[in-house]
Participant: 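First the structure, which I've put down as structure tokens, then a few questions once you've had a look.
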Amino acid sequence: MVNIKVQDLAKSYGEFEALKGISFEARQGKILALLGPNGAGKTTTMRIITGFLSETAGTVEIDDLNIHENLEEIQNKIGYLPESAPLYLELSVNEHLDFVAETHGLSGSEKKKAIQRVAKDTMLTEHLHHNISELSKGFRQRVGLAQALIHDPSILILDEPTTGLDPNQIIEIRQLIKLLGKEKVVILSTHIMQEVEAICDQVVLIHHGEIIAEGTPAELMKKEGSQQKIRVVVKGSFPAAQAALGKLENVKEISHEEHPSSENIVFHILTEEDIRADINRALFEAELDVLEISAEKQNMEGVFQELTA
Amino acid sequence: MKAGDLKNWHKLLKTKNQEPTMMIHPRFSALVKKELRLYWNSPIAYIFLVTFIGFVFWLFFRGFFLVSQADLRGFFSVLPWVFLFLIPALTMRLWSEEYRQGTIETLLTSSITIPEAVAAKFAASFIFLAIALAATFSLPISVSFLGNLDWGIIATSYIGALLLGGSYLSIGIFLSSITSNQIVAFITSVILAFAFFIIGETIVTFTLPNFLVSLFEFFGLGQHYNSIIRGVIDTRDLLFYFSFIFFFLYLNVQTLKLKK
């Protein structure tokens, strides 16, 4: 079972503390997201885990191996996609993958097979002979992912893997990451909330170099989702509806929007309890037609905004 | 080898062949190959070769027919000055481009060590320099038709040119690791290489106190070069060049380590 243990990791650049002592654990078969606004310390954390930067304090252990004592062994286990997928622009896709494969000790038919495998997984087979300088951002991102996968590492560290991709590519790459996450340790960083909700099993929320929340996406949403938003759509007179809803208890805030070209009125009710039954009763008593009462799903976006505000 | 192994001798041979028999690690040769590809896949290599050969030939033949002597002293004495501007052009991007593009991150996280990466960059640019020098072989060949050429001196001079060029390369690669700005890397390399080339010349040393003169002469790249192109290969000169190159490659490794 592969695992990564990060303990009290800190990194300072002179006076500036990029990381103020963070600890977390990532396990095989799980996708862990480092979530946080720009400059939170996500990239720094990844660079230390991959051995590119050295920490000021704290430890990183991978499979109980210390990263400094066993750097070469550990680096061979890791596939790393740095932020914005840096590549040698003078090379073709094939030449680039060839180089990365050889640096991992692959040669001959083994190397060829590895290149074909990753090209297939990242949908690059038809683009192997293109020069990287001619590729679009999305394709470069895929080459970056391909080179991270070439030696079939047991650990994948992906720094913002879907930036620059179009919506179709995002879905394809996410599917691939999800598939890879079943057998590998995957740590990815992102500031896209849908990504976390779509593919991650574990979230570590970093802000100003500190962990401010962690857990599964569901746990985080529950923890921070003490407030609930309820959407109500009614048909009929606006003042009557407003009066009926105004009498409700446990309501923090009511706002409304009008459907264009219809007599439907949409209310958003902010509350701390589930008062959907009360709403229904109140509107029914006011003789209004209820078209919809639904609890609006609390999403990661809300959690993120709340915690990093 | 055990007796049982003999039955499978063909397999043994096969695995032996796959393993690199030389000391060169496959990772290292991959790095060198990549660096050479970066030269040849971009216009740099071609522009360098055309400029180098054009310059050298023109400077040589301009004086050659005036002196009407069948030797290449003119060529080898002009070479350090051509190197001075062309070699920094070859090295200025080696590290600065890795930092600017961010490829340094994939490079140094793929179990390649910093000393390996530095040595590979030096090796690749040295190979390229050797190719450029080999392209000037037509000079001694054509001169040999015109008169009696001392091939021994030609051979030592080429070795001297390689060692001097290698020293310039090590300076250039080191300075390229300090800045991500290629122009800065180029200009500082020209200045430092120039300083080390002339440091031992009389025009520099005549104002100095005596004990410094020998020191300056010792560190002058030009002094060692001049004695080699006279046809004498002294182990002291060789040792000097090797340590000079090693020193700057070592500085290069240390700079990269500091950036971690």
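Proteins get letters first, then strands, A, B, ... in listed order; numbering begins at 1 in each.
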Participant: Measuring from atom CD of B/E98 to atom OH of A/Y88, what distance do you get when rounded to the nearest 0.5 angstrom?
Facilitator: 3.0 Å
Participant: Which value, rounded to the nearest 0.5 Å, describes the distance between B/I112 atom CD1 and A/H104 atom NE2?
Facilitator: 7.5 Å
Participant: For the OG atom of B/S111 and the CD1 atom of A/I74, what is their distance to the nearest 0.5 Å?
Facilitator: 12.0 Å
Participant: Quick check: do A/E102 and B/R27 have side-chain heavy atoms less than 4.5 Å from each other?
Facilitator: no
Participant: Against chain A, work out which of B/S29, B/S42, B/S110 has the most heavy-atom pairs shorter than 4.5 Å and name it.
Facilitator: B/S110
Participant: Give a yes or no on whether a salt bridge exists between B/K34 and A/D98, defined as a side-chain N under 4.0 angstrom from a carboxylate O.
Facilitator: no
Participant: Side chain of A/Q75, backbone of B/L108: donor and acceptor closer than 3.5 Å?
Facilitator: yes
Participant: Under 4.5 Å heavy-atom distance to chain B, tell me which part of A/K11 shows up: side chain, backbone, both or neither.
Facilitator: side chain
Participant: First locate atom OG1 of B/T113, then atom CG of A/L71, and finally report the distance between them rounded to the nearest 0.5 Å.
Facilitator: 9.5 Å
Participant: Which atoms of A/L89 are under 4.5 Å from chain B, going by heavy atoms: the side chain, the backbone, both sets, or neither?
Facilitator: side chain
Participant: Using a cut-off of 6.0 Å, state whether more than 12 heavy atoms not belonging to B/Y46 lie near its atom OH.
Facilitator: yes
Participant: Might you confirm whether atom CZ of A/R27 has over 12 heavy atoms from other residues, nucleotides or ligands at distances under 6.0 Å?
Facilitator: no
Participant: Got a sec: does the NE2 of A/H208 have more than 12 other heavy atoms crowding it under 6.0 Å?
Facilitator: no
Participant: Between A/E90 and B/R37, does any NZ, NE, NH1 or NH2 come within less than 4.0 Å of an OD or OE carboxylate oxygen?
Facilitator: no
Participant: Do other residues, nucleotides or ligands put more than 12 heavy atoms under 6.0 Å from the CZ atom of B/F247?
Facilitator: no
Participant: Please say whether more than 12 non-hydrogen atoms of neighbouring residues, nucleotides or ligands are located less than 6.0 Å from OH in B/Y99.
Facilitator: yes
Participant: In terms of heavy-atom contacts, does NZ of A/K112 have more than 12 from other residues, nucleotides or ligands at under 6.0 Å?
Facilitator: no
Participant: At what distance, to the nearest 0.5 angstrom, does CZ of A/F99 lie from CG of B/L107?
Facilitator: 5.5 Å
Participant: Rounded at 0.5 Å granularity, tell me how far OG1 in B/T103 sits from CD in A/Q147.
Facilitator: 10.5 Å
Participant: Which answer fits A/E95, side chain, backbone, both or neither, if we ask what part of it has an atom under 4.5 Å from a heavy atom of chain B?
Facilitator: both
Participant: Please indicate whether A/K120 has more than 12 foreign heavy atoms, meaning atoms of other residues, nucleotides or ligands, lying under 6.0 Å from its NZ.
Facilitator: no
Participant: A/P82 versus B/T106: any side-chain heavy-atom pair under 4.5 Å?
Facilitator: yes
Participant: Check whether A/L91 gets within reach of chain B through its side chain, its backbone, both or neither, counting any heavy atom under 4.5 Å.
Facilitator: both
Participant: Does CZ in B/F57 sit with more than 12 non-hydrogen atoms of other residues, nucleotides or ligands closer than 6.0 Å?
Facilitator: yes
